[in-house]
Amino acid sequence: METVCLLLGALLIATALLDMFREVVHPGKNGFLVRGISRTIWRLLHLLPERSGNPLSWAAPLTVVVSIGMWVILLILGWALIIWPQLPQGYVYAAGVPQRAGFIEALYISQMTLTTLGYGDIVPRAGHLRILLPLEAFLGFVLLSTATSWTMSIYPPVSRRHFLAHELHATRRVEETTDLRVIDLPPGEVADFLERMTSQVVTVRSDLVQFPLVYYFRTSDRKSSLAVNMPFLYNLARRFSDGSQAPEVTMHACRLRHAIDDLCETLAAFLSGCRGTENVLRAYAEDHRRLEATDPQQESAQ
């Protein structure tokens, strides 16, 4: 029984640490627990009607909270399983503290140790426990720093995505409400604009590869929604890459189009069974409940 508890506890601890490592220390290797939690929450919130208060906007924040909670639970349970067989003979109890041998007692010791809030009422006596329990306290510090670092690292990529979407929205509004068009600008300015858009698209894709959770951040502001505004940029890239413009414009337009294709390949991983840039953009808008997004083919026809 002691061996089974030891192995099972070690497995739970290793599972939590591996998921934390893959999600935070090794970006791009999305933790399997976080991946499963994010997809499950996203699908469950998709079942709620939009009129219930933009439920999809809660997907990513809930994923962060539930994932950190899952790491905490796995570590507490894992260490409790290791502690349990050693109760009560492996510990020294303060005066007046009853000696218990149940799993609840092991959970209590594990929680106090992981959170470094030990009251000193129960301390390890056995030599190996005097080495192991400080290790659990150290993992408590690791968990706290990991959760903080992960949370802080997620929001800059979200901000960069919103910045790109907002800039596209502003350009799109100018074309829709005035007689001004990007295509009417001098070739040098058009090339500069396309180069800047390419750089931002590449950055957004890199952020999505390193932090897949970014996909599940859904904003209620359509001006900051990439799902709404990316078809407009894709249409611009196609318009300028047809060979009718100045060579520098065509060159940057082709680079932009390839960057959008690469971004859509990355987005396709979140949209099962979807292939092709136009199909991915349409599915991306639908998945984020942005059906008002312009269809690239319809916009091109206009």
* Asked: Do Tyr216 and His288 make the cut of ring centroids closer than 6.0 angstrom?
  -> no
* Residues that Phe141 engages under ring pair (Phe, Tyr, Trp, His ring centres under 6.0 Å), provided they are two or more places apart -> none
* Mind jotting down which residue pairs meet the side-chain hydrogen bond (donor to acceptor under 3.5 Å, both in side chains) criterion with at least one end in residues 91-109? Sequence neighbours excluded, please. => Tyr108-Asp121
* Residue list, side chain to side chain contact (heavy atoms under 4.5 Å, CB included) with Thr15, at least two apart or on another chain -> Leu11, Phe32, Leu33, Leu74
* Asked: Any side-chain heavy-atom pair from Leu256 and Leu236 closer than 4.5 angstrom?
  -> no
* Asked: Applying side-chain hydrogen bond (donor to acceptor under 3.5 Å, both in side chains), which residue pairs with at least one partner in residues 124-147 are found, sequence neighbours left out?
  -> Ser110-Glu136
* Determine, stepwise, if the pair Arg160 / Asp207 fulfils salt bridge (Lys or Arg N to Asp or Glu O under 4.0 Å). => CA-CA 9 Å; Arg160 288 191 287 268; Asp207 288 338; 2.8 Å; yes
* Under the side chain to side chain donor-acceptor pair (under 3.5 Å) test, which residues partner Thr171, sequence neighbours left out? -> none
* To do: Applying ring pair (Phe, Tyr, Trp, His ring centres under 6.0 Å), name anything that partners Phe240, two or more places apart in sequence or on another chain.
  => none
* What residues, two or more places apart in sequence or in another chain, satisfy ring pair (Phe, Tyr, Trp, His ring centres under 6.0 Å) together with Trp79? -> none
* Would you say Trp150 and Ile73 are hydrophobically clustered, going by side-chain heavy atoms of ILVMFWY under 4.5 Å? -> yes
* Go through the structure and list residues passing side chain to side chain contact (heavy atoms under 4.5 Å, CB included) with Thr148, not counting sequence neighbours. => Leu144, Met152
* To do: Run through Asp262, Leu233, Asp261 and flag the one making a side chain to side chain contact (heavy atoms under 4.5 Å, CB included) with Val201.
  => Leu233
* To do: Return each pair, listed once, that meets side-chain hydrogen bond (donor to acceptor under 3.5 Å, both in side chains) where at least one residue sits in residues 189-200; pairs must be two or more places apart or across chains.
  => Glu167-Arg196, Glu167-Gln200
* Structure fact -> Sorted by chain and residue number, the ring pair (Phe, Tyr, Trp, His ring centres under 6.0 Å) partners of His46 (sequence neighbours excluded) come out as Trp42
* Selection residues 154-206 - residue pairs positive for ring pair (Phe, Tyr, Trp, His ring centres under 6.0 Å), sequence neighbours left out -> Tyr155-Phe217
* Determine whether Leu7 and Leu12 fall in the same hydrophobic cluster, where Ile, Leu, Val, Met, Phe, Trp and Tyr are linked whenever their side-chain heavy atoms lie under 4.5 Å apart. => no
* **Heavy-atom side-chain proximity of Thr178 to Arg173 below 4.5 angstrom** => no
* Asked: Leu47: which other cluster members, linking ILVMFWY side chains closer than 4.5 Å, directly or transitively?
  -> Leu44
* Structure fact -> The residue among Val214, Thr219, Leu213 that forms side chain to side chain contact (heavy atoms under 4.5 Å, CB included) with Val158 is Val214
